[in-house]
There are 2 protein chains.
Amino acid sequence: MPTSTVENYLKAILVRSTGDEAVVATGALAEALGVTPGTITTMVKSMASRGLLEHQPREGVRLTPEGRTLAMAVVRKHRLVETFLVQVLHMDWKEVHEEAEALEHAISDRVLLRIDAILGYPVADPHGDPIPSRKSHLLERGKGVTLATCEALKPFRVERILDQSPVFLEFIQRTGLKPGARVRVRDRDPASGVVRCDLKDSEATLGLPEAAKIEVKAV
Amino acid sequence: MPTSTVENYLKAILVRSTGDEAVVATGALAEALGVTPGTITTMVKSMASRGLLEHQPREGVRLTPEGRTLAMAVVRKHRLVETFLVQVLHMDWKEVHEEAEALEHAISDRVLLRIDAILGYPVADPHGDPIPSRKSHLLERGKGVTLATCEALKPFRVERILDQSPVFLEFIQRTGLKPGARVRVRDRDPASGVVRCDLKDSEATLGLPEAAKIEVKAV
DNA sequence: ATTTTGTCTTTGACGACTCAAAGAGATTAT
DNA sequence: ATAATCTCTTTGAGTCGTCAAAGACAAAAT
Ligand SMILES: [Mn+2]
Ligand SMILES: [Mn+2]
Ligand SMILES: [Mn+2]
Ligand SMILES: [Mn+2]
């Protein structure tokens, strides 16, 4: 069994493996995991020797099928736990990421099955991130329609929040731009970099980079 | 913060500290934690230097107030988690000890409070073990009335199971001698070491040492 | 009073994870 | 083409938790 450290490494690699050439730079991992580059090199070599990933020195790292399967299981646990904490324990959706970060390593498959059943087999977590099924081997990516790119004046629904940092989630909470909310871009100004949106009973103003972190879907 | 290893050591010491002279032999800890005696000596010295316990070489170990407080918090988490797994996730009460052994180290106080509230602030776990309150500093011991010592032919209620091993819990499950069950000792024979009990719709036969692991209370 | 036995401690070593600092490779700028 | 910069790797070291094996102590047996 992988240690929780290894599980965190696997997850960090998985969520950064975009597309076919799923190669992740070790520097990005050092950044993401809050350790020094040298630590990443060491860990990555040991994980490679265990068959969890391949390491091209000075190039990056790619999960093996085994590594990807393990990583998917961790992501699944993380997101089901988050959903459980919000849905059943009624916790604040801003807090649950941190809690899930620890619980994802302590919950057995037996317990996870119960949680999944009680929640009615949800397909997305509170942030709108898709919950991998028990045997899926692919991680769905965002389709790219966000408040920064969607057609103006047309109605959309918030689908997914692509930034889990407390400060951003706090903003989302405050404005009500949570997954499920109806929203319409009133005005988008590339010159000033400002996006203005209408919600049901309110409006929200945000910058373009921030708007790009809110995935939406036509309703 | 203590590591989960240190938490397990603290808990093992606490549940073995009986009475005033709460000194626990290091050998008993080695046995309980499944490590070699030398490992215990090493860990115990480091925990002593952190102020969690006092170590009299070749005598034993005693928790400091700080160590006891931490240990109580771990026991509280363990028992609340067990209760939650049975009550809310409807897991088999034979399985939950193992699950709680891991979860007790991963659950934050925030989550624990929610669990406690949802359960309605229970005072005992599925095995009948008392759940320490948030600030209690004493671990209640069994009062000593068991199926091995209670008066015969009088009605009692099962209060607590003092052996958490899977094989014993399996027996308890099979006979229905779970906490809450009504029971009456029909016949106790010191010569053969056999105790015969009546339950609601059945009867159970067990040895004296086993009977001593089932705490009961007059109804 | 010795010896034996059982329990505990010490010592040396190892795997997992980490850092700081120095070194090597590759990319970009001049 | 050379230098500067950026990124990654290597090296040496430290902490934590563990073991095996050897040593010390104390209680019990002779
Ligand atoms: Mn984690
Ligand atoms: Mn999430
Ligand atoms: Mn534990
Ligand atoms: Mn219990």
Side-chain angles (χ1 to χ4, degrees), chain A residues 1-14 16-18 21-63 66-67 70-71 74 101-102 104-106, chain B residues 1-14 16-18 21-63 66-67 70-71 74 101-102 104-106:
Chain A
M1 289 299 97
T3 63
S4 54
T5 302
V6 167
E7 288 188 342
N8 283 334
Y9 277 64
L10 288 171
K11 196 175 54 148
I13 296 167
L14 178 68
R16 279 165 188 78
S17 310
T18 60
E21 269 320 303
V23 166
V24 179
T26 59
L29 293 178
E31 167 79 34
L33 292 165
V35 296
T36 62
T39 299
I40 297 288
T41 302
T42 306
M43 280 298 291
V44 135
K45 283 203 289 194
S46 114
M47 289 170 73
S49 81
R50 282 203 255 169
L52 300 177
L53 50 80
E54 285 157 37
H55 181 210
Q56 273 81 42
R58 308 215 123 80
E59 261 289 299
V61 120
R62 190 203 329 264
L63 292 178
E66 181 188 352
L70 284 171
V74 178
E101 204 53 59
E104 67 192 356
H105 312 294
Chain B
M1 289 298 97
T3 63
S4 55
T5 302
V6 167
E7 289 188 342
N8 283 333
Y9 277 65
L10 288 171
K11 197 175 54 148
I13 296 166
L14 178 68
R16 280 165 188 77
S17 311
T18 60
E21 268 321 303
V23 166
V24 179
T26 58
L29 294 178
E31 167 80 34
L33 293 165
V35 296
T36 62
T39 300
I40 296 289
T41 302
T42 307
M43 280 297 291
V44 135
K45 283 204 290 196
S46 115
M47 289 169 72
S49 81
R50 282 203 254 169
L52 300 176
L53 50 80
E54 286 157 36
H55 181 209
Q56 273 82 41
R58 276 160 217 285
E59 262 289 299
V61 120
R62 190 202 330 265
L63 292 177
E66 182 188 352
L70 285 171
V74 179
E101 205 52 58
E104 67 192 355
H105 313 292

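Every chain is numbered from 1 and lettered A, B, ... according to where its sequence line falls, protein lines coming before strand lines.
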Expressed as a whole number of angstroms, how long is the span from [X]:[atom1] to [N]:[atom2]?
{"X": "A/Q56", "N": "C/dG25", "atom1": "CD", "atom2": "C1'", "result": "16 Å"}
{"X": "A/M43", "N": "C/dT18", "atom1": "CE", "atom2": "P", "result": "6 Å"}
{"X": "A/E7", "N": "C/dA16", "atom1": "CD", "atom2": "C1'", "result": "15 Å"}

Would one find a side-chain N or O of [X] under 4.0 angstrom from OP1 or OP2 of [N]?
{"X": "A/Y9", "N": "C/dT18", "value": "yes"}
{"X": "A/T5", "N": "C/dA16", "value": "no"}
{"X": "B/H55", "N": "C/dT9", "value": "yes"}

Pick base, sugar-phosphate or nothing for [X], based on heavy-atom distances below 4.0 Å to the nucleic acid.
{"X": "B/G27", "answer": "sugar-phosphate"}
{"X": "B/T39", "answer": "base"}
{"X": "A/T41", "answer": "base"}
{"X": "A/A25", "answer": "sugar-phosphate"}

(Q) Of the options C/dT18, C/dA20, C/dC17, whose atoms approach the side-chain atoms of A/V6 most closely? (A) C/dC17
Q) Between C/dC17, C/dA20, C/dT7, which one does the side chain of A/T3 approach most closely? A) C/dC17
Q) Of all nucleotides in DNA chain D with an atom under 4.0 Å from a non-hydrogen atom of chain B, which is the first and which the last going 5' to 3'? A) D/dG17 to D/dC25
Working to the nearest 0.5 Å, report the span between [atom1] of [X] and [atom2] of [Y].
{"X": "B/L29", "Y": "B/N8", "atom1": "CG", "atom2": "CG", "result": "11.5 Å"}
{"X": "A/H55", "Y": "A/S46", "atom1": "NE2", "atom2": "OG", "result": "12.0 Å"}
{"X": "A/M1", "Y": "A/H105", "atom1": "CE", "atom2": "NE2", "result": "14.5 Å"}
{"X": "B/T26", "Y": "B/I13", "atom1": "OG1", "atom2": "CD1", "result": "10.0 Å"}

Q.
Strictly distance-based, threshold 3.5 Å: is any side-chain N or O of B/T42 a donor or acceptor partner for the main-chain N or O of B/G38?
A. yes
Q) 5'-most contact on DNA chain C: A/R58 or A/T36, nearest heavy atom basis? A) A/T36
Q: For B/T42 and for A/R50, locate the closest nucleotide of DNA chain C by heavy-atom distance; then report the residue assigned to the nucleotide nearer the 5' terminus.
A: B/T42
Q: In sequence, state the C-alpha distance, the side-chain angles, and the governing distance for A/V6 and A/M47, and then conclude on side chain to side chain contact (heavy atoms under 4.5 Å, CB included).
A: CA-CA 8 Å; A/V6 167; A/M47 289 170 73; 4.0 Å; yes
Q) How sharply is the helix from C/dA1-D/dT30 to C/dT30-D/dA1 bent, taking the axes over five pairs at either end and rounding to 10 degrees? A) 10°
**Q.** Stepwise side chain to side chain contact (heavy atoms under 4.5 Å, CB included) test for B/V35 and B/Y9
**A.** CA-CA 11 Å; B/V35 296; B/Y9 277 65; 3.8 Å; yes
Q) Is it the case that A/T39 and A/T36 place a side-chain donor and acceptor less than 3.5 Å from each other? A) yes
Q | Sidechain N-carboxylate O distance under 4.0 Å for B/E101, B/K11 | A | yes
